[in-house]
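One structure is given here, and the rest of the page talks about it.
When reading the values below, keep in mind they use all heavy atoms of this one structure, side chains included, and skip hydrogens, waters and symmetry mates. Quick caveat, the model's predicted, so the values are computed rather than measured.
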Amino acid sequence: RVLASVSQHSFCTYLSKTLALHRLARPMMRDHEVEILVTLLRARRPKVCLEWGSGGSTLFFPEEDDSVVTWIAIEHNRQWYSHVQKTVQKSPIVDLRIHPDLTTYPDAPRELDTFFDFILVDGRERRRCVAAASKLLAPGGCCVLHDAHRVQYRDSWKQFAHSAWLCGERESSPGADDSHGMVLMHH
């Protein structure tokens with residue numbers, strides 16, 4: 001029995017770690033959203049990319065297109081940052097940064113003094129991040145807002161000259177998770 005419980009405990013620990021890594025192996029997005037973003041990245045061939053928020057997307061998308069030279073992800077949560085850092089530390093492309101102060105989180109990329117070919121807004125303070133993104137895009141660059149269907153993000157993309165729904169469009173009530181959407185924005 002002791003051996004059986006040790007083996008069961010070891011298996012449960014192994015399974016828990018494997019599932020955690022599996023969650024990071026793919027973005028926490030619906031399959032069609034992942035496909036749309038992969039198609040967009042392959043078509044636009046960005047070199048310098050920015051992501052507000054981190055996770056599976058931080059690992060997955062930079063590997064999907066060989067044109068990406070740098071993928072910078074800004075994370076606010078120290079615990080999640082540590083978890084993601086363990087998996088991205090081997091990537092020469094990914095630069096994961098921690099910025100726990102939510103009051104200045106949207107402005108953190110300005111310190112990098114660069115413009116981005118592609119920006120993914122999928123973290124906290126999304127309205128403010130979209131506003132900041134409008135000033136950080138390189139000529140010809142584009143920005144995508146994930147979960148754009150949420151009422152609190154509605155119309156946050158108005159500072160861009162052009163915007164279009166990539167998928168979704170249905171407005172949901174605050175806190176609801178019955179519909180997803182992504183909006184593409186550019187100047």
Quick one: side chain to side chain donor-acceptor pair (under 3.5 Å) partners of Glu51, sequence neighbours excluded?
Ser57, Thr58, Trp71
Do Val69 and Val94 belong to the same hydrophobic cluster, where Ile, Leu, Val, Met, Phe, Trp and Tyr are linked whenever their side-chain heavy atoms lie under 4.5 Å apart, directly or via other members?
no
Taken to the nearest 0.5 Å, the spacing of Ile98 CD1 from Ser82 OG works out to 7.5 Å
Pairs of donor and acceptor atoms involving the side chains of residues 32-39, under 3.5 Å and at least two apart or interchain, shall be tabulated with distances.
{"residue": "Glu33", "atom": "OE1", "partner": "Arg30", "partner atom": "N", "Å": "2.9"}
{"residue": "Glu33", "atom": "OE1", "partner": "His146", "partner atom": "NE2", "Å": "3.1"}
{"residue": "Thr39", "atom": "OG1", "partner": "Glu35", "partner atom": "O", "Å": "2.9"}

Check whether Asp117 reaches the backbone of Val48 with its side chain - one donor and one acceptor, N or O, closer than 3.5 Å.
yes
Distance, nearest 0.5 Å, that separates OG1 of Thr70 from CG of Leu112
10.0 Å
Before you tell me yes or no, could you show the steps for Glu125 and Thr103 under side chain to side chain contact (heavy atoms under 4.5 Å, CB included), namely the whole-Å CA-CA distance, both residues' side-chain angles and the distance that decides it to 0.1 Å?
CA-CA 9 Å; Glu125 300 293 327; Thr103 59; over 6 Å; no
Residue list, ring-ring contact (aromatic ring centres under 6.0 Å, His included) with His186, at least two apart or on another chain:
His162
Just how far is it from atom CG of Leu137 to atom CZ of Phe118, taken to the nearest 0.5 Å?
10.0 Å
Under the criterion side chain to side chain contact (heavy atoms under 4.5 Å, CB included), I'd like the reasoning laid out for Glu63 against Ser91: C-alpha separation, chi angles, the key distance, then a yes or no.
CA-CA 9 Å; Glu63 300 297 324; Ser91 172; 4.0 Å; yes
Between Cys129 and Tyr105, is the side chain to side chain contact (heavy atoms under 4.5 Å, CB included) condition met? List the steps.
CA-CA 8 Å; Cys129 289; Tyr105 173 77; 3.9 Å; yes
What are the two closest heavy atoms between Ala73 and Gly53, and how far apart are they?
CB-O, 3.9 Å
Derivation and outcome, side chain to side chain contact (heavy atoms under 4.5 Å, CB included), residues Ile119 and Trp52
CA-CA 8 Å; Ile119 298 175; Trp52 272 285; 3.6 Å; yes
Find the distance between SG (Cys143) and CG (Leu50) and round it off to the nearest 0.5 Å.
8.5 Å
Reported NE2-to-CZ distance for the pair His187 and Phe160, which is rounded to 0.5 angstrom
5.0 Å
Provide the full list of salt bridge (Lys or Arg N to Asp or Glu O under 4.0 Å) pairs with a residue in residues 66-82, sequence neighbours left out, each pair given once.
Arg45-Asp66
Would Thr104 and His99 count as having a side-chain donor-acceptor pair, cut-off 3.5 Å?
yes
Tell me if a side-chain donor or acceptor on Ser156 pairs with a main-chain N or O of Tyr153 at a distance below 3.5 Å.
yes
For Asp113, all residues meeting side chain to side chain donor-acceptor pair (under 3.5 Å), sequence neighbours excluded:
none
Check Val84 against Gly55 and note the closest heavy-atom contact, atom names and distance.
CG2-CA, 4.0 Å
Would a distance-only check, ignoring hydrogens and angles, find a side-chain to backbone donor-acceptor pair under 3.5 Å from Ser163 to Met185?
no
Could you state the interatomic distance from CZ (Arg126) to CD (Gln152), rounded to the nearest 0.5 Å?
8.5 Å
Verify same cluster id: Leu120, Phe115 (apolar side-chain graph, 4.5 Å)
no
Partners of Arg97 by side chain to side chain donor-acceptor pair (under 3.5 Å), sequence neighbours excluded?
Asp95
Side chain Arg128, main chain Asp107, donor-acceptor under 3.5 Å
no
Gln89 atom CD: more than 12 heavy-atom contacts under 6.0 Å
yes
